[in-house]
Protein chains: 2
Amino acid sequence: MLNQSQAPVERMFQALGDPTRRALYERLSRGPASVSELADPLPMSLPAVFQHLQILEASGLIRSEKRGRVRTCRVEAGGLREMEKWIAGRRAMWERALDRLGEYLAAQDDAQPPRRRG
Amino acid sequence: MLNQSQAPVERMFQALGDPTRRALYERLSRGPASVSELADPLPMSLPAVFQHLQILEASGLIRSEKRGRVRTCRVEAGGLREMEKWIAGRRAMWERALDRLGEYLAAQDDAQPPRRRG
DNA sequence: CGATTGGTTAAGCATTCACTTAAGTAACAC
DNA sequence: GTGTTACTTAAGTGAATGCTTAACCAATCG
């Protein structure tokens, strides 16, 4: 798997690549919830949901806190920001690449005299 | 795995959850490249890279075109946009949830007379 | 033409992943 | 105290994933 350094944003992408975890995250973006509240509508066992929550939390997308015997989960704002930053970075590189292509083509035009008007 | 409907954005997240594919995508965001150019710096076989490229293309993050015997891959702009849209949607929901919480707390304040000034 | 290059397909294999059930543990209810 | 609730841990299983090597095919080269 070429396990090189596992950047946090990568664990976020991986976390959201699973439909269950995406559903959990969408639910939590509507407001905090306990583990069993989250598990209730899902067609799987509570330990399974708990494992998914652990993965989401390890990725930095959510955060949770235990009071008494109930653990309340909520979205971690920083997570979204990390992903947005990564995407913005790729977009910037890609747009710069397009610019370079434009400059290159312009330079080609300068070097070779235009056919129509020559 | 709760295989419900596999939204396109989900396949993108899943695609970028792998370090190799993330590296491929980063390379391509700097400009187009052929399959073997992409495979060259990576510590794995060409078929392996090819499979990763297929996954990236199936997710809609990249696009490729074959001329003669060389296939040229490039970033698909729409892919980034899809992911940004999804993230923006979650952020919006999350911020709305915070607003609701604020309103709720304000209502609580109105209902109960303030302690300090009462 | 035959040899090489660039990609593609196929089959197999080891690991990881998404579950499961069973068995804890700790907080609260009675 | 006993029982119930809410989570947690552990162990196991089948399927999906990330590779591999060994062909195979079409385009280009000599």
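Every chain is numbered from 1 and lettered A, B, ... according to where its sequence line falls, protein lines coming before strand lines.
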Just jot down the side-chain hydrogen bond (donor to acceptor under 3.5 Å, both in side chains) partners of Gln51(A), sequence neighbours excluded, or say none.
none
Separation of [X] atom [atom1] from [N] atom [atom2], in whole Å?
X: Arg11(A); N: dC17(C); atom1: CZ; atom2: P; answer: 12 Å
X: Arg71(B); N: dA26(D); atom1: CZ; atom2: P; answer: 15 Å
X: Leu38(B); N: dG6(C); atom1: CG; atom2: C1'; answer: 13 Å
X: Glu57(B); N: dG7(C); atom1: CD; atom2: P; answer: 13 Å
X: Phe50(A); N: dT21(C); atom1: CZ; atom2: C1'; answer: 17 Å
X: Leu46(A); N: dA18(C); atom1: CG; atom2: P; answer: 17 Å
X: Leu56(A); N: dA18(C); atom1: CG; atom2: P; answer: 11 Å
X: Asp18(A); N: dA18(C); atom1: CG; atom2: C1'; answer: 7 Å

What nucleotide, of [options], holds the atom closest to the side chain of [X]?
X: Gln54(A); options: dG7(C), dT9(D), dA10(C); answer: dT9(D)
X: Met44(B); options: dT8(C), dT8(D), dT20(D); answer: dT20(D)
X: Val35(A); options: dT8(D), dA18(C), dG18(D); answer: dT8(D)

Taking only side-chain nitrogens and oxygens of [X], does any of them come within less than 4.0 Å of OP1 or OP2 of [N]?
X: Ser45(B); N: dT20(D); result: yes
X: Ser36(B); N: dG6(C); result: no
X: His52(B); N: dC19(D); result: yes
X: Lys66(A); N: dT8(D); result: yes
X: Thr20(B); N: dC19(D); result: yes
X: Gln14(A); N: dC17(C); result: yes

List the protein contact pattern of nucleotides 22-30 of chain C with one symbol per nucleotide (5' to 3'): B for base contact, S for sugar-phosphate-only contact, - for none; contact means a heavy-atom distance under 4.0 Å.
B----BS--
Please answer whether the main-chain N or O of Ala15(B) pairs with a side-chain N or O of Arg21(B) as donor and acceptor at a distance below 3.5 Å.
yes
CG on Leu24(B) to CG on Leu38(B), rounded to 0.5 Å:
5.5 Å
Axial bend angle, the helix from dC1(C)-dG30(D) to dC30(C)-dG1(D): five-pair end segments, nearest 10°
10°
Compute whether any side-chain donor of one residue and acceptor of the other, for [X] and [Y], lie under 3.5 angstrom apart.
X: Arg90(B); Y: Ser29(A); result: no
X: Glu10(B); Y: Trp86(B); result: no
X: Thr72(B); Y: Glu65(B); result: no

Could you tell me whether Arg81(A) and Glu84(A) have a side-chain N and a carboxylate O separated by less than 4.0 Å?
no
Phe13(B) and Met83(A): side chain to side chain contact (heavy atoms under 4.5 Å, CB included), yes or no, with the steps?
CA-CA 11 Å; Phe13(B) 282 136; Met83(A) 303 186 76; 3.4 Å; yes
For Asp18(B) and Thr20(B), which heavy atoms make the closest approach, and how far apart are they?
OD2-N, 2.9 Å
For Leu28(A) and Ala33(A), the nearest pair of non-hydrogen atoms, with its separation, is CD2-N, 3.8 Å
